[in-house]
Every structure is written in C-alpha cells, then in structure tokens.
Amino acid sequence: MKLIEPTNFIEEEINKDLESGKAKEVITRFPPEPSGYWHIGHCKAIMIDFETAKKYGGYTYLRMDDTNPSKEDGDFADSYLADLKWLGYTPKKLIYASEAYFDGIYEIAENLIKSGDAYIDEQSAEELSKSRGTLTTPGKESPYRNRPIEESLKIFRDMKAGKYPEGKVVLRAKIDMAHPNMNMRDPVIYRVQHMSHYRTGNKWCIYPMYDFAHPLEDALEGVTFSLCDMSFEDHRPLYNWVLEKGWKKKYAPRQIEFAKLNLENVLLGKRYLRRLVDSKLVLGWDDPRFLTIVGMKRRGYTAQGIKDFLKSAGVTKADSVIPLSALYYHIRNDLNNVATRAMVVLDPLKVVITNYDKDSEEIEIENNPNNENAGSHKALFSKEIYIEKEDFSLNPPPKYNRLVEGGIVRLKGAYIIKCNKVVLKDNGEIDHLECEYLPNTKSGQDNSGIKCKGTIHFVSAKNCFKVTIRDFKNLIKEQYVDPMKALEDGVSLEELLTPNSMTESVAYAENFLKTAKVEDKFQFMRKGYYCLDKDSTKDSLIFNSTISLKDSFKVK
RNA sequence: UGGGGUGUCGCCAAGCGGUAAGGCAUUGGACUCUGACUCCAACAUCCGUAGGUUCGAAUCCUACCACCCCAGCCA
C-alpha cells in the first residue's frame with residue numbers, strides 16, 4: 001500500500017505503521033449507535049474516516065454499533081445511508097454489529113473465561129460501583145474474582161440461556177483493581193438485558209459492552225485504523241488488552257484519537273435537541289436552525305461548503321472552539337459558486353416611472369456572473385416597479401450610493417432612473433416614488449456615458465408574485481458561547497434560546513422563481529442566499545434564508 | 001492528591017534544531033451594472049512560565065502553571 005504526504009498527525013501515524021509493516025492497508029469504519037440524528041460533529045468524524053481511507057486506496061465500513069437494545073429505538077440505516085450519500089460518501093458495506101459479530105464476540109468471551117481472564121461477578125451494581133475505588137484510591141477485588149473457571153463458564157452459559165434476571169450477574173475482565181486507569185479496574189464486558197433487539201429480536205439476552213465489543217468488531221471485520229474522539233483515549237489500554245487477550249493475531253486494529261468539533265453558540269446535545277423537537281419549539285429534527293445534517297440540508301447549506309469548513313478546521317488533538325463565522329465563510333463561498341441569482345424585494349417600496357409609456361420590456365439577468373455556463377434568465381421592466389425600502393433615503397448617510405431625492409441609481413439589468421418626487425402618505429410615510437428613466441442607459445446598450453455609483457435590484461409589478469421568506473437567528477443567544485456549559489451551570493434551556501429565532505415575512509419575487517424546486521439554491525441579489533423549503537405548496541412558496549451576503553457598508 | 005491528554009496571533013492551524021506558513025475575523029485601499037465575489041496591503045521580534053543544553057531552540061532537557069477527559073451493568 002502506498003504512503004502519502006501526511007496532512008495531519010493521524011496520517012503520520014498511519015504512514016509509520018505502513019512503513020514498519022504493523023499494518024498492510026487502511027480500512028476504517030464509522031460506527032454510529034443507531035439512536036438519533038447526525039450533526040456537524042459527526043460530519044467531522046465521517047470525513048476523517050472516509051477521506052483517510054480513500055487517500056490510501058482503502059475503504060470504510062458503516063457499522064451499526066448496536067450493542068445496547070435499551071437505547072436503540074429503531075433502524076436508522078436508511079437515514080444514515082442517505083446522509084452519507086448527501087455528504088458524498090459511500091460505505092464499502094453496511095454492517096449491523098449485532099447480526100455480524102455477536103456470535104464471534106460471545107465465543108471470545110468464553111475463551112477469556114477459560115484462560116482465566118474473565119469471571120462472573122455477582123455483586124450488585126452499587127457494590128460494583130463502590131468497590132471500584134476512586135480516582136485517587138485503588139479499588140477492591142470482588143469476592144467472586146477468583147472463583148473456579150468452570151463456575152464462571154457455567155453461569156455465563158446460563159446467562160446466555162436466559163436463566164438470570166437483569167442486574168444479577170455480569171461478566172468482568174480480570175485485569176487490575178488497583179490500576180490508575182479506572183477503565184482497567186475489571187470492567188464489565190457482558191450484561192443481561194431481557195428485551196427485544198431491533199435487529200436480532202430475542203436471540204440474545206446478554207449483550208457485550210462497548211469496550212469489549214468495539215475492538216473485536218474492528219478486528220473481526222478487518223478494520224486497521226479505528227479512529228475516534230479523544231474521550232476514548234483512556235479506553236485505549238483496554239481496547240488493546242481485549243485484542244491481546246481475545247484476538248491474538250498478528251494484525252490488529254489500532255485506535256487513534258482526535259479532538260471533536262466544537263462550535264461557538266451551538267448546542268448539539270441530542271437530549272436537548274430532542275426536548276426542543278418534542279416541545280414543538282422547532283420545526284423538527286430538520287429544523288433549519290439545527291446543525292443536524294438534515295437541518296443544514298434544509299437550511300440550504302451545501303455538503304461541499306460543510307466539508308470545506310471541516311477541512312479548514314483541521315485534525316488535531318487540541319481542544320478548540322471554532323466561531324460560526326468560519327462555517328459561514330465556507331457556506332457563502334460554495335453558494336457563491338452554485339446559487340442562481342434572482343431579484344427579490346423583501347421590503348417593497350413602489351416606484352412609478354412617469355416617462356415610461358410602453359407596456360413592458362424584457363431584460364436579461366445572468367444566473368451566475370461567476371460561472372459563464374450558468375446562462376441567464378429573462379425578467380421585465382415596466383412602468384410600475386418595486387425597490388427595497390432601504391435602497392431609498394430621504395436623509396442619506398455619507399457614502400450612501402443608492403437612490404436619493406433628485407439622484408440617480410441603476411436598476412440591475414435595466415435602466416438608470418432619476419428620482420423626481422417623493423409622494424407621502426397622510427401620516428408622513430413614503431407612499432411611493434416618482435422617477436424617470438434615462439432612455440439610452442439600458443444594460444448592455446448604454447451609450448449615455450452617464451456614470452452611476454449605485455446599482456439596486458428591483459422587481460416589476462408585471463413580473464412578480466408574493467412568496468414567504470423565513471428568516472433565522474441563531475438558536476442560542478450570543479452571550480452563551482458555550483451553551484453546554486451554561487446548561488451544566490444551571491441555566492435553563494429556555495433561557496439559552498433566542499426569542500423569535502424564526503420569523504416569516506412576505507416578499508415580491510420575480511416570476512422566474514415560480515419554477516423553483518425544493519432545496520434549489522438562489523442568491524437573492526444584494527441580500528443573501530435562499531433555498532426553497534419543503535413546506536412550500538404549488539401556489540405558496542416558502543424560501544429559507546440560508547445566510548445573508550456579507551455587507552461591508554457601514555454608516556459612520 | 002491518581003491516570004490520560006493539550007498548550008504557537010482574537011479564533012483555527014503549519015512548524016519535527018537553522019532563525020514564526022496559511023485560513024477565519026478585523027482594519028485600510030482598488031475593482032465592481034450584486035456596497036457580494038475578486039484583488040492588493042496591514043495584522044505574533046515571538047511560540048503557557050522559568051531555567052538549562054547548543055554557535056543556534058517554538059522545536060531537545062528539567063521544573064512549574066493552566067485547561068480538558070476518566071469513578072455507566074452508555075456509546
């Protein structure tokens with residue numbers, strides 16, 4: 001297998017093993033417990049697993065780490081496969097650990113008992129916990145620790161046969177009750193659980209613990225590098241112990257840990273998201289304010305943008321917290337390449353072109369100025385149009401180069417207009433503007449020589465329809481940079497939430513948008529990126545605000 | 001007070017004994033029929049602290065400090 005130029009410490013380690021012959025190839029696995037939705041943190045791990053293997057010409061398995069029937073509430077395989085596909089990854093194979101490896105793991109457990117490396121303990125859960133000792137004091141050995149091997153073997157088989165209730169007996173690895181690493185103090189490796197498993201039904205009533213199952217699953221399926229987050233670093237000695245005692249083959253998988261992703265002002269904890277979903281405070285697991293994969297997809301983020309961001313964040317062992325602005329940068333960057341430009345007026349102000357006598361005329365709008373192949377579409381210019389309220393000012397701040405009384409501005413794709421009169425309502429608010437267009441200034445055929453410092457977008461009254469716009473604020477208030485910590489400090493979930501983080505408004509969109517399909521991505525020129533939401537119906541379109549355009553205009 | 005990890009610009013992050021890459025953010029400015037994009041420029045004499053080794057250290061050694069993780073029959 002080829003060596004590559006390493007781009008992070010994991011690849012450096014892999015290169016070493018490949019060179020020394022400790023490993024022959026790079027086969028990885030992504031091992032979710034099928035119990036919930038994936039979020040951006042999972043994306044990081046997925047990307048590391050898939051990209052690393054791919055670089056070395058290896059491959060990656062998707063393995064359901066389903067060793068606990070009490071927590072796994074259904075078959076998430078389809079949704080996981082869909083998420084992976086959306087991210088652009090295809091697993092070599094989908095594997096259910098429960099179906100593929102439980103027999104093998106059980107057999108190895110019996111071997112461990114026979115070799116004196118595991119024993120049946122009959123202490124209660126509390127006794128077990130108490131005798132484990134503390135971080136600074138050693139634990140006490142169980143009175144059952146040195147029982148005859150035959151006795152342990154018989155009980156273990158009876159456990160499997162369903163002769164024991166839950167909690168009565170467990171199988172423990174015999175390691176060292178005084179070990180400074182708590183994980184090595186005779187960890188439980190099998191427990192009784194009388195319940196139906198979503199895949200294996202009632203075939204089993206004993207289930208292996210993660211620490212015992214994981215290394216063996218890796219070994220059994222031929223995984224060579226088992227990449228996980230730093231919280232498993234303390235488990236590595238146990239991982240290796242299990243392989244040494246239970247696997248005993250020349251080639252064994254190697255666990256390497258990396259730091260997981262942390263984002264400022266983002267809450268990813270499953271139980272909290274579930275509370276928000278259950279209490280209907282959000283639209284669902286795919287709420288556009290969530291950083292779940294389905295949420296980001298619905299929001300209008302692109303897989304490419306997410307991956308670009310993750311790539312830029314790097315792979316290290318150091319704790320880090322990345323600001324959302326870094327994510328936004330990459331989302332905007334990718335959207336800029338793929339989003340179709342359209343004109344939508346979010347907050348309309350009517351403008352009458354007093355000297356325009358024709359019914360209307362076509363104008364052309366480029367679909368994407370950064371991509372020549374994107375083509376263009378037609379829009380209309382007519383006597384009555386709408387512009388953005390904020391694009392006209394009676395008291396313009398310095399450097400305001402939009403429309404002012406008596407001033408000119410270019411209408412994107414159409415003519416330069418001059419504002420002659422501001423018509424007010426009885427209450428003093430602006431009702432509409434009366435402007436004149438300068439006939440020889442049409443886009444593409446302007447020979448007037450007139451220089452115009454501002455260009456604004458607009459929509460023709462003859463070429464627009466109403467759409468609903470959904471705007472989102474960050475779910476978590478800005479002051480709670482680390483919402484998880486705030487929660488631990490006793491702040492309530494409700495207190496963390498930004499009030500009215502989703503708002504709806506009505507906008508005037510050019511007719512071109514009538515053909516939009518769900519998830520289609522647009523740039524509403526000069527405003528931001530939007531995508532069509534799945535809640536849309538044929539005559540009521542809803543656009544999610546994915547993210548605004550950067551705006552460097554500052555009023556000083 | 002045990003064990004395991006981590007400390008390089010506001011935030012990420014290269015660097016692996018030869019004299020501090022890059023990105024985000026920020027600030028100027030150019031360009032622009034999107035105040036977007038793009039483009040230029042500025043932004044760590046210093047690498048947790050203190051000593052030491054060396055002609056030479058962010059990189060080696062020693063001590064200290066800070067932060068994170070671990071006491072589920074969860075994963």
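Chain identifiers are assigned alphabetically (A, B, ...) following the order of the sequence lines, protein sequences preceding nucleic acid strands; residue numbering begins at 1 within each chain.
An OP1 or OP2 oxygen of B/C24 is reached within less than 4.0 angstrom by a side-chain nitrogen or oxygen of A/Tyr329. Contact check, A/Ser129 against B/C73: no side-chain N or O comes under 4.0 Å of OP1 or OP2. Within the 4.0 Å cut-off from OP1 or OP2 of B/G35, not a single side-chain nitrogen or oxygen of A/Arg402 is found. The side chain of A/Thr316 contributes an N or O atom lying less than 4.0 Å from OP1 or OP2 of B/A13. Of the side-chain N and O atoms in A/Ser552, one or more sit less than 4.0 angstrom from OP1 or OP2 of B/A36. Listed pair A/Arg132 / B/C73 meets the phosphate criterion, a side-chain N or O lying under 4.0 Å from OP1 or OP2. OP1 or OP2 of B/U38 has not a single side-chain nitrogen or oxygen of A/Arg332 nearer than 4.0 Å. Distances shorter than 4.0 Å separate some side-chain N or O of A/Arg191 from OP1 or OP2 on B/C74.
Taking every side-chain heavy atom of A/Lys71 into account, B/A75 is the closest of B/G7, B/G5, B/A75. For A/Thr455, whose side chain is taken as the heavy atoms from C-beta onward, the closest listed nucleotide among B/A36, B/C70, B/G35 is B/G35. Of the candidate nucleotides B/U6, B/G4, B/C73, B/U6 has the atom lying nearest to any side-chain atom of A/Lys317. Across B/U34, B/G35, B/C74, the shortest atom-to-atom separation from the side chain of A/Pro369 is found for B/U34. Here the side chain of A/Asp551 is nearest to one of B/A25, B/C74, B/G35, namely B/G35. Side chain of A/Asp65, nearest nucleotide from B/G35, B/A75, B/C68: B/A75. Considering only side-chain atoms of A/Pro323, the nucleotide from B/C24, B/A36, B/C11 that sits closest is B/C11. Closest approach to the A/Glu233 side chain among B/U34, B/G5, B/C73 is made by B/G5 (side chain taken as heavy atoms from C-beta onward). When the nucleotides B/G5, B/G2, B/G35 are ranked by their closest atom to the side chain of A/Leu135, B/G2 comes out on top. Checking B/C12, B/G3, B/C73 against the side-chain heavy atoms of A/Ile322 singles out B/C12 as nearest.
Salt-bridge formation is not detected for the pair A/Lys317/A/Asp229: no Lys NZ or Arg NE/NH1/NH2 atom is positioned less than 4.0 Å from an Asp or Glu carboxylate oxygen. A/Asp75 and A/Arg199 are joined by a salt bridge, as a carboxylate oxygen and a charged side-chain nitrogen come within less than 4.0 angstrom of each other.
When heavy atoms are screened at a 4.0 angstrom cut-off, A/Met230 is found touching the sugar-phosphate backbone but no base atom. If you check every strand for non-hydrogen atoms under 4.0 Å, A/Arg341 touches a base. At a threshold of 4.0 angstrom between heavy atoms, the contacts of A/Gln523 include nucleobase atoms, whether or not backbone atoms are also involved. Using a 4.0 Å heavy-atom cutoff across all strands shown, A/Phe232 reaches at least one base atom of the nucleic acid. When heavy atoms are screened at a 4.0 angstrom cut-off, A/Thr137 is found touching no nucleic acid atom at all. Looking at heavy-atom distances under 4.0 Å, A/Val321 makes contact with sugar-phosphate atoms alone, never a base. Within 4.0 Å of A/His235, counting heavy atoms only, lies at least one base atom of the nucleic acid.
No more than 12 heavy-atom neighbours from other residues, nucleotides or ligands sit within 6.0 angstrom of CD on A/Glu372.
Checking B/U1 for Watson-Crick or G-U wobble geometry (two distances, each under 3.5 Å) identifies no partner in any strand. Base pairing of B/G7 is made with B/C65, judged by Watson-Crick or G-U wobble geometry with both donor-acceptor distances under 3.5 Å. The partner of B/G22 is B/C12, by the rule that a Watson-Crick or G-U pair needs both atom distances under 3.5 Å.
Of the options A/Arg254, A/Gln255, A/Arg29, A/Arg236, a side-chain hydrogen bond (donor to acceptor under 3.5 Å, both in side chains) to A/Ser226 is made by A/Arg29 and by none of the others.
Comparing B/G22 with B/A14, their P atoms sit 15 Å apart, to the nearest whole Å. Nucleotides B/U54 and B/G7 place their C1' atoms 25 Å apart, quoted to the nearest Å. To the nearest whole angstrom, the two P atoms, one in B/C60 and one in B/C68, are 25 Å apart. For the C1' atoms, the distance from B/G18 to B/A58 is 13 Å, rounded to whole Å. B/C65 and B/A50 are spaced 15 Å apart, taking the P atom of each and rounding to whole Å. Between B/G56 and B/U38, the distance separating the two C1' atoms is 43 Å to the nearest Å. B/U1 and B/A66 have their P atoms separated by 9 Å, with the value rounded to a whole Å. Distance check on atom C1': B/A25 versus B/C9 gives 11 Å, rounded to whole Å.
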(request) Apply the test salt bridge (charged side-chain N to carboxylate O under 4.0 Å, His left out) to residues A/Glu33 and A/Lys71: give CA-CA distance (whole Å), side-chain angles for both, the deciding distance (0.1 Å), then the verdict. (result) CA-CA 9 Å; A/Glu33 177 180 39; A/Lys71 280 181 69 184; 3.6 Å; yes

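The distance from atom NZ of A/Lys260 to atom C1' of B/A75 is 12 Å, rounded to the nearest whole Å. In this structure, A/Glu388 places its CD atom 12 Å from P of B/G35, rounding to the nearest Å.
Under the 6.0 Å cut-off for aromatic ring centres, A/Tyr210 and A/Phe232 qualify, their centroids lying closer than that. The ring of A/Tyr106 has its center closer than 6.0 angstrom to the ring center of A/Phe156. Between A/Trp241 and A/Phe212, the gap from one ring centroid to the other reaches at least 6.0 Å.
Residue A/Asn401 places a side-chain atom within donor-acceptor reach of the base of B/G35, judged by atom type and a 3.5 Å distance cut-off alone. No donor-acceptor contact under 3.5 Å links the side chain of A/Arg236 to the base of B/G4. Side-chain to base pairing of A/Glu12 with B/C16: one donor and one acceptor N or O lie within less than 3.5 Å of each other. With hydrogens and angles ignored, a donor-acceptor pair closer than 3.5 Å exists between the side chain of A/Asp234 and the base of B/G3.
The backbone N or O of A/Asp186 sits less than 3.5 Å from a side-chain atom of A/Arg172, completing a donor-acceptor pair.
In this structure, A/Phe524 and A/Gly133 both approach RNA chain B, and ranking their closest nucleotides by distance from the 5' end singles out A/Phe524.
A glycosidic torsion no more than 90° from 0 defines the syn conformation; B/G15 lies beyond that range and is anti.
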